[in-house]
Participant: 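I'd like to ask you about the structure that follows.
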Amino acid sequence: MTDCAVLFPGQGAYFPGALAPLADDEPLVRETLEVLDAAAVRVGRTAPSRLLLDERAPSLAELVTTSPADLHAALFAAGTALFRVLTERHGLRPSVLVGHSFGELVALTAAGVFGPEEGMALVAARDDAFAACPPADGGMVALDVSATRAAALLDGLGEWEVTLAADNSPRQCVVSGPAEPLERVRGAAAMLGIGATRLRVPYAFHHRMLAPVAGDFAGRAAALRTGPARHALHSAILGRRLDDEDAVADLVAAHLVRPTRFTEAVRGVHADGVDVFVECGPRGVLSDLVAATVPGVRVIAPLRRRAGGREVADAVADAVAGMGAGGAPSPLPRTSDPRRPPGPVHPSGASGVLGASGVLGVSGTHGDRDGHLAEAPAAAPAPRAAGGGDRHGVVETLRALYAEALGYPPEVLTEDADLEADLGVDSIKQTELFARAATHYGRVLPAEGSRLTSYTTLTALAGLLGTLPALDASAAEATA
């Protein structure tokens, strides 16, 4: 029998209306959100359903800048609601829960250590601690190397104030520290040919600079009611299973100052028999990190994009099939090149691929450098239907089109980089770009009102193009 781990992502696990289709099909989602809306309002936060059920809600980039506390409430609510659907509605029985940074707080609640209302209060207490004890200026840099190589780089540079913040995968980690030494590390890494992305975060998370905040947070959390865990928990911060109340208190105290060792956690639970990893949150950042860390396992992200009840049920069926008797499961088809590391993920779980443009992972709103779209190349043969053999070629063409229009280096437009959350491309720009791509391939655009931003990666857009009907000859001439 193969075991299953449920993964809880951090701050990057959001897009507007992430639960909208699922809530339409699953009453359990709306029931959970009603409870959490009330809990959020009691602690001075906006009801998270406003962000999770409305596809026109603010983007990740906007929330990070203007309303981080509301973003955190939404992240917590999304993970909590999806976990109930996975376990109560579809009967998924995970062997262990694993969180990534902020996701560890969601995992504690999913396991039953905190009730839903107490879990929301825990999230609010974290934000209140930052308000009560504002940290000194600091930051974070994602490096495209292992944690071991990053440590050697820091030793060689003698930058003792900069430390490891997150070990995300064998070829990606994050360091944090005061602004000036951190910038020296970033510059030195770039000179050595190491990918170095400055993350747009206000503080040096997972660094001793946050010790006063951590102390305040631990004091606030100690006042909340806890109970015994109903599921096994493995902490990537503590590097061990949480087996008693003291361990929970240790995790809360360490949450902001100790590194997230996600690579070690994934390898540890895999060694204990886990071959199926289900991501419990929007997007699929952690699933990609797992695939890069232990190739061949089954990784499932039910909400890589907005999904209804049928799609989530199918994803759970995949997980359950992988947990059946008869040895290790067959791996699902990859959605990214296993030879290429995923986009940078900061310790709260946000991914990104840009540096100088300013990012949370990457956040921010970017247009092309001249403020307009580049001219489309001459029309090319239309892509085959979804799943056809030309999919890779379509993705490569989209990469070139989008890179030219946005003024980005093509290499940052990875197949699974999220156009809004990772690259800061707003919904209006996405619509303009897709219209240009459809014209390039001689395809009829979806009906007005279709939510193109449900297709947020080049891979998803290539699939969508393959489903669109071709323009007839007269229509093609009219668009030339």
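All residue numbers refer to positions in the sequence shown, counting from 1. FYI, side chains are in, hydrogens and waters are out, and symmetry mates aren't considered; it's all heavy atoms of this structure.
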Participant: Is the shortest side-chain heavy-atom distance between Pro259 and Thr163 below 4.5 Å?
Facilitator: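 Not in contact.
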Participant: Under the criterion side chain to side chain contact (heavy atoms under 4.5 Å, CB included), which of Val6, Val266, Val98, Leu289 is the partner of Phe277?
Facilitator: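 Answer after filtering Val6, Val266, Val98, Leu289: Val266.
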Participant: Quick one: do Arg241 and Asp272 make a salt bridge, cutoff under 4.0 Å?
Facilitator: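 Between Asp272 and Arg241 there is a salt bridge, with a charged N closer than 4.0 Å to a carboxylate O.
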Participant: Roughly how far, to the nearest 0.5 Å, is CG of Leu19 from CG of Leu52?
Facilitator: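 It is 5.0 Å, given to the nearest 0.5 Å.
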Participant: Centres of the Phe130 and Tyr203 rings: under 6.0 Å?
Facilitator: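 When the ring centroids of Phe130 and Tyr203 are compared, they turn out to be within the sub-6.0 Å range.
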Participant: Is the gap between the ring centers of Phe83 and His231 under 6.0 Å?
Facilitator: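 Yes: the rings meet the under 6.0 Å criterion.
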Participant: In Å and rounded to the nearest 0.5 Å, what is the CG to CZ distance from Leu82 to Phe8?
Facilitator: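 Reported to 0.5 Å precision, the distance equals 8.5 Å.
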Participant: Distance from Arg261 atom CZ to Asn168 atom CG, nearest 0.5 Å?
Facilitator: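 It is 11.5 Å, given to the nearest 0.5 Å.
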Participant: If you look at every heavy atom in His206 and Ser101, which pair is closest and at what distance?
Facilitator: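 Shortest heavy-atom separation between His206 and Ser101 comes out as NE2-OG, 2.8 Å.
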Participant: Taking 4.0 angstrom as the limit, do Glu264 and Arg267 come out as a salt bridge?
Facilitator: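 The answer is no: the pair does not qualify as a salt bridge.
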Participant: Given side chain to side chain contact (heavy atoms under 4.5 Å, CB included), test Phe102 with Arg126 step by step and report yes or no.
Facilitator: CA-CA 10 Å; Phe102 178 88; Arg126 181 179 181 268; 3.8 Å; yes
Participant: For Arg306, is there an ion pair with Asp24 - N to carboxylate O distance below 4.0 angstrom?
Facilitator: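 No, no charged N to carboxylate O under 4.0 Å.
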Participant: What distance do Asp3 atom CG and Ser95 atom OG have between them, rounded to the nearest 0.5 Å?
Facilitator: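 Between Asp3 CG and Ser95 OG, I get 3.0 Å after rounding to 0.5 Å.
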Participant: What distance do Asp128 atom CG and Phe217 atom CZ have between them, rounded to the nearest 0.5 Å?
Facilitator: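 Going from CG on Asp128 over to CZ on Phe217, the span is 10.0 Å.
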Participant: With a 4.5 Å limit on heavy-atom distance, are the side chains of Thr260 and His100 in contact?
Facilitator: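 The answer is yes, as the side chains (C-beta and beyond) meet within the 4.5 Å cut-off.
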Participant: Once you round to the nearest 0.5 Å, how far does CD of Glu117 lie from CG of Leu36?
Facilitator: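 Interatomic distance, Glu117 CD to Leu36 CG, rounded to 0.5 Å: 7.5 Å.
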Participant: Would a distance-only check, ignoring hydrogens and angles, find a side-chain to backbone donor-acceptor pair under 3.5 Å from Asp275 to Val297?
Facilitator: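 No; judged by distance alone, with no hydrogens or angles, the pair does not exist.
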